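Let me begin by presenting the structure, written as structure tokens, before commenting on it.
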Amino acid sequence: MNILVIGRGGREHSLVKKIEESPRVDTVYAAPGNAGMTEAELVSISETDVEELIHFAKTNQVAWTVVGPEVALMNGIVNQFREAGLDIFGPTKEAARIEGSKAFAKDIMKKYDIPTAKYESFTSSNDAKAYVKDQGAPIVIKADGLAAGKGVTVAMSVEEAIEAIDVMMEQSQFGDAGKEVVIEEYLEGEEFSLMAFVHGYKVYPLIPSQDHKRIFDGDTGPNTGGMGAYAPVPHLSQEAIEAAVRGILEPTAAALVEEKRSFSGILYAGCIQTQEGPKVIEFNARFGDPETQVVLPLLENDFIQVMEDVQAGIDPQLNWKDGFCAGVVVSSAGYPGDYQKGILLPNVKGNRTVIPIYAGVRNEDNQLVSDGGRVFLLSAQGDTLEETIETIYNTLQEAQVPSTFFYRRDIARKAIRTSVSGYKYTK
Ligand code: AMP
Ligand code: GLY
């Protein structure tokens with residue numbers, strides 16, 4: 001069968017790789033994809049040009065379409081494909097609202113008792129500022145709509161919080177996404193990402209992972225789309241993960257059914273492990289980036305079988321490889337601010353388990369050059385997290401990555417420092 005993957009980033013490259021492994025797959029198409037996706041046939045249709053995508057899927061006997069980016073989901077790509085009689089993996093725009101509006105997600109959590117930070121939403125900047133002055137710092141300010149992971153300020157002082165409100169509500173830096181803001185309690189604890197295949201009430205969790213959202217080492221500097229990840233998470237107890245599945249993912253899937261927004265696809269909970277247990281910081285209606293790049297390589301099942309089972313409400317019996325997968329993102333220097341494009345990629349020597357996954361790249365004279373903020377992620381697998389990370393950093397060092405690129409030097413370091421020796425994840 002032929003499969004169409006929608007999107008152009010590292011997450012989608014990872015999906016392409018995983019899908020291409022299936023013996024049942026003839027051709028994987030990627031729209032628009034990127035030049036690093038050598039396993040796929042690239043189709044130059046943008047993620048949001050749904051009519052063209054439907055036309056392509058029909059004329060090329062595409063059996064399944066898999067959607068990466070949230071914008072396409074929010075625009076209703078799943079609704080339109082289904083109306084056209086095509087199979088597509090992902091939530092409808094009604095269900096994807098769990099990601100599209102933070103205020104909506106918060107209301108669902110309040111109504112269904114799903115643990116999350118205390119919050120208020122505001123459409124008036126004066127009311128928002130008064131609330132911040134009343135609550136004090138630290139406090140978290142979030143633009144209501146989509147802002148590519150950058151619409152969140154964790155303010156350590158009241159002044160910083162007020163400035164964030166000005167930027168979002170008065171200077172409209174995030175456009176309409178910042179017309180409404182959610183202000184929430186600052187949660188302290190370890191962050192983790194938990195994704196699950198969901199279909200209506202049915203929830204099949206993937207292994208937990210951890211992203212690194214800030215640009216600089218030690219989790220400092222501005223938020224990015226994610227600078228590195230690893231899976232599973234060795235310093236998270238089995239009870240904490242169980243608690244997140246039973247207390248967060250399952251009730252959220254059920255809530256969406258009750259609200260007549262039944263979810264099908266990947267539901268992603270960004271959580272913080274607090275003293276009182278796991279609490280939600282955000283929901284996504286899709287695979288996480290870069291979490292997908294470190295979770296999918298450990299999945300043993302055939303991806304097509306999983307999609308078919310999930311869609312039919314059958315337990316896909318997920319199986320996971322032992323050991324760890326980690327990935328370090330190599331970005332353009334200057335990201336998430338301004339950066340240069342068109343720079344020749346360093347020559348990274350991959351092998352069977354050390355694999356570059358491409359994102360912001362294009363071809364120039366038959367060579368890959370940079371074309372975005374996050375350029376590629378170097379992933380590796382190993383028995384321990386320590387050796388996995390060491391392999392990645394050694395490979396990057398050998399490649400002599402020039403200073404026109406940047407990568408964090410401390411991905412997974414906290415996990416390695418704090419994990420119990422001889423740790424084994426029970427799947
Ligand atoms: P989000 O886009 O909602 O995932 O937020 C981006 C980042 O801000 C998260 O990964 C956290 O590091 C941080 N963050 C968001 N909400 C909170 C909160 N309530 N308490 C502490 N940190 C938060
Ligand atoms: N890694 C966070 C996200 O995909 O939104």
Side-chain angles (χ1 to χ4, degrees), residues 7 9-12 14-15 67-71 73-74 96 98-106 109 115-121 132 135 137-156 160-161 164 168 174 177-178 181-195 206 208-216 218-231 233 265-276 278-296 327 329 336 359 374 377 411 414:
R11 164 184 51 206
E12 289 79 14
S14 193
L15 280 163
V67 188
E70 58 273 24
V71 187
L73 294 167
M74 253 51 99
I98 193 78
E99 169 166 7
S101 163
K102 290 194 192 284
F104 171 80
K106 281 293 195 182
M109 288 187 266
T116 187
K118 202 177 77 178
Y119 75 100
E120 292 287 337
S121 0
V132 160
Q135 296 290 310
I139 194 154
V140 182
I141 318 292
K142 300 185 174 184
D144 177 61
L146 292 180
K150 290 161 206 144
V152 174
T153 300
V154 178
M156 287 300 156
E160 203 185 331
M168 287 177 204
F174 302 104
V181 297
V182 169
I183 301 185
E184 61 177 46
E185 167 198 10
Y186 172 77
L187 297 177
E188 200 146 14
E190 200 58 47
E191 263 185 65
F192 65 98
S193 308
L194 192 59
M195 298 185 270
L206 280 65
S209 54
Q210 194 174 49
D211 185 7
H212 295 65
K213 290 219 165 105
R214 304 293 194 101
I215 184 74
F216 298 128
D219 297 325
T220 54
N223 267 318
T224 69
M227 295 301 292
Y230 60 89
V233 184
I266 288 283
L267 182 61
Y268 164 124
C271 302
I272 292 192
Q273 180 61 19
T274 72
Q275 298 277 332
E276 296 151 31
K279 293 190 180 180
V280 177
I281 45 175
E282 67 163 346
F283 280 117
N284 292 326
R286 48 160 176 91
F287 280 104
D289 188 336
E291 288 92 332
T292 303
Q293 292 91 305
V294 298
V295 170
L296 279 189
V329 169
R374 292 186 298 167
L377 169 145
I411 299 303
K414 217 164 45 179

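Order of listing sets the numbers, starting from 1, for every ligand and every atom in it. All values derive from a computational prediction rather than experimental measurement.
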*Could Glu184 and Lys106 be called an ion pair, given the rule that one side-chain N must be under 4.0 Å from one carboxylate O?*
yes

*At their closest point, which heavy atom of Lys142 faces which heavy atom of Val152, and how far apart are they?*
CG-CG2, 3.8 Å

*asked:* When you measure from the side chain of Arg11 to the backbone of Phe287, do you find a donor-acceptor pair of N or O atoms at a distance under 3.5 Å?
replied: yes

*asked:* Glu160: which residues meet the salt bridge (Lys or Arg N to Asp or Glu O under 4.0 Å) condition with it, sequence neighbours left out?
replied: none

*Would you mind running through ligand 1 and noting each atom that sits below 4.0 Å from a heavy atom of Tyr186?*
20 (N), 21 (C)

*Where the closest heavy atom to atom 13 (C) of ligand 1 is concerned, which of Val182, Thr274, Val154, Leu187 has it?*
Val154

*Check each atom of ligand 1 against the heavy atoms of Lys142 and keep those under 4.0 Å away; list them by number with element.*
3 (O), 15 (C), 16 (N)

*Shortest non-hydrogen contact from Ala229 toward Val294*: O-CG1, 3.5 Å

*Pick one of side chain, backbone, both or neither for how Val152 approaches ligand 1, counting any non-hydrogen atom pair under 4.0 Å.*
side chain

Less than 3.5 Å apart, N/O on ligand 2 and N/O on the protein: could you list those pairs with the distances?
| unit_1 | atom_1 | unit_2 | atom_2 | d |
| --- | --- | --- | --- | --- |
| ligand 2 | 1 (N) | Asp211 | OD2 | 2.8 |
| ligand 2 | 1 (N) | Asp289 | O | 2.9 |
| ligand 2 | 1 (N) | Glu291 | OE1 | 2.7 |
| ligand 2 | 1 (N) | Glu291 | OE2 | 3.1 |
| ligand 2 | 4 (O) | Arg286 | NH1 | 3.0 |
| ligand 2 | 4 (O) | Asp289 | N | 2.9 |
| ligand 2 | 4 (O) | Asp289 | O | 3.4 |
| ligand 2 | 5 (O) | Asn284 | ND2 | 3.1 |
| ligand 2 | 5 (O) | Arg286 | NH2 | 2.9 |

*Minimum heavy-atom distance Ile98-Ala285, with the two atoms named*: CG2-CB, 4.3 Å

_Side chains of Gln293 and Val329 in contact at under 4.5 Å (non-hydrogen atoms)_ = no

*Relative to atom 7 (C) of ligand 1, which among Ile281, Ile183, Asn223 owns the nearest non-hydrogen atom?*
Asn223

*Answer yes when Glu276 and Lys118 have at least one side-chain N-carboxylate O distance shorter than 4.0 Å, and no when they do not.*
no

*Go through ligand 1 atom by atom and flag the ones less than 4.0 Å from a non-hydrogen atom of Glu184.*
16 (N), 17 (C), 18 (C), 19 (N)

*asked:* Using only atom types and a distance under 3.5 Å, with no angle test, would you say the side chain of Glu191 pairs donor to acceptor with the backbone of Gln210?
replied: no

_Nearest candidate to atom 12 (O) of ligand 1, where distance is taken over non-hydrogen atoms, out of Lys102, Glu188, Glu191, Lys213_ = Glu191

